[in-house]
Amino acid sequence: HCFSKSPIDGYLYCEGVKVQDVMDSAEKRPFYLYSKAQITRNFEAYKEALEGLDSSIIGYAIKANNNLKILQHLRSLGSGAVLVSGNELRLALHAGFDPTKCIFNGNGKTLEDLILAVEHGVFINIDSEFDLHNIVKAARSVGKRVPVLLRINPDVDPQVHSYVATGNKNSKFGIRNEKLDWFLHTIKSYPAELKLVGAHCHLGSTITKVDIFKDAAVLMFHYIDKIRKEGFEIEYLNIGGGLGIDYHHADAILPTPMDLIDTVRELVLSHDLKLIIEPGRSLIANTCCFINRVTGVKTNGAKNFIVVDGSMAELIRPSLYGAYQHIELVSPPAPDAEYAKFDVVGPVCESADFLGKDRELPTPDEGSGLVVHDAGAYCMSMASTYNLKMRPPEYWIDGEDIVKLRHGETFEDYMKFFIGL
Ligand code: LLP
């Protein structure tokens with residue numbers, strides 16, 4: 001793992017660099033710290049899994065982490081991009097992603113954003129009846145035929161938190177198979193506007209059992225056979241993203257990208273299809289820690305608290321989903337340190353503001369470092385400015401170097417939004 005405690009001095013390291021040294025040289029505020037090498041390793045694991053499946057597309061789900069430098073790095077490794085807004089598309093183009101490796105997803109794509117997507121020739125996933133009609137409008141307005149995929153809800157339970165389950169029958173995303181005939185018939189009536197090239201599904205996120213992907217894939221192949229019988233030349237199966245990671249650091253054996261691809265490999269080959277995958281979390285989550293400083297320690301009733309300078313504003317997953325992210329101190333405990341169970345909380349005025357609950361930790365000194373692991377996905381990209389906590393800076397370790405990737409937002413940045421001051 002890219003962040004680990006040294007058996008020699010007991011400090012936390014990111015690759016070869018002591019996190020304490022990064023804290024000493026970085027701005028004195030919470031920040032995100034990534035390992036560039038781990039991003040590369042994660043991407044290579046997917047590339048290796050896809051060997052033999054020619055012309056497959058790895059579409060990195062930009063929503064997981066939209067740092068431009070990280071996007072440029074993933075693009076340089078050969079990644080495509082999965083987009084859910086016009087601005088994500090603009091950013092992907094800025095980062096140099098090949099539009100023919102980009103997929104535009106979403107249940108509420110606006111006509112304006114669709115027009116931008118059609119202009120640049122990205123794949124578009126059809127999500128609903130109205131979405132289909134808007135894509136047709138965009139195609140006519142730009143004067144281009146659009147490569148589209150149909151997003152079908154296979155109704156396979158991903159066994160995850162309900163907020164991140166997306167492929168069940170009552171979901172707001174995609175279409176139900178009962179409506180397949182209507183969609184195929186309607187797509188046929190727009191031959192100048194729509195070219196149906198594939199089928200898409202996305203079950204949900206944090207999935208930790210490959211059988212779930214397998215069950216969905218079997219259904220998707222069934223739908224693809226049906227679509228082909230209607231005379232469409234389907235080229236792509238897009239199985240979405242959703243592979244979970246080991247947030248608990250408890251040595252659980254979780255499926256790898258290879259395990260995921262193995263569930264569909266033979267069927268993809270035998271159906272003469274190209275595969276599209278849309279990983280977010282499994283590419284980026286474990287490459288990063290969110291770094292905090294301890295402000296103080298307090299006790300109320302039966303609860304001990306470590307209060308840090310980071311909060312739900314910078315990292316909302318624990319508050320929003322009750323998500324577990326592993327927490328560790330940056331420096332080794334003093335020999336006489338007392339251990340206790342702590343809630344790790346921020347300064348935000350909400351009791352929902354916690355980064356971890358009931359964590360067994362040595363009592364830390366004020367000013368010492370405390371990290372939240374696996375903070376690369378859906379942490380910085382979901383950060384807010386609640387309580388006027390400004391979005392934090394981001395750094396990565398590149399070889400031996402500590403490199404700032406993005407400035408933290410400042411109070412002055414905030415004040416720029418007001419007119420006539
Ligand atoms: N494709 C589609 C259509 C998606 O909706 C998503 C994620 C992905 C791909 C990437 O999924 P991943 O490989 O990252 O699981 N904020 C939540 C996660 C929301 C996921 C939204 N969709 C969290 O922090 O856990």
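For ligands, and for the atoms within them, numbers begin at 1 and follow the listed sequence. Any value given below was found using the heavy atoms of this structure, including those in side chains, with hydrogens, waters and symmetry copies removed. Worth saying up front: this structure is predicted, and the values here are computed from it rather than measured.
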I need the contact residues for ligand 1: any residue with a non-hydrogen atom closer than 4.0 Å to the ligand, ordered by chain then number. Ala61, Lys63, Asn105, Arg151, Val164, His202, Ser205, Gly241, Gly242, Glu278, Pro279, Gly280, Arg281, Arg317, Tyr321, Tyr378, Met382
Below 4.0 angstrom, N of the basic side chain to O of the carboxylate: do Glu394 and Lys69 qualify? no
Which residues pass the salt bridge (Lys or Arg N to Asp or Glu O under 4.0 Å) test with Asp398, not counting sequence neighbours? Lys36
Applying side-chain hydrogen bond (donor to acceptor under 3.5 Å, both in side chains) as the test, list every pair that has at least one member in residues 192-212; sequence neighbours left out. Asn125-His200, Arg140-Glu193, Gln159-Lys209, His200-Glu278, Ser205-Arg281
In terms of side-chain heavy atoms, does His73 have a donor or acceptor partner in Thr40 at a distance below 3.5 Å? yes
Could you check whether Tyr247 and His249, counting side-chain N and O atoms only, form a donor-acceptor pair closer than 3.5 Å? no
Using side-chain hydrogen bond (donor to acceptor under 3.5 Å, both in side chains) as the criterion, list what pairs up with Tyr236, not counting sequence neighbours. none
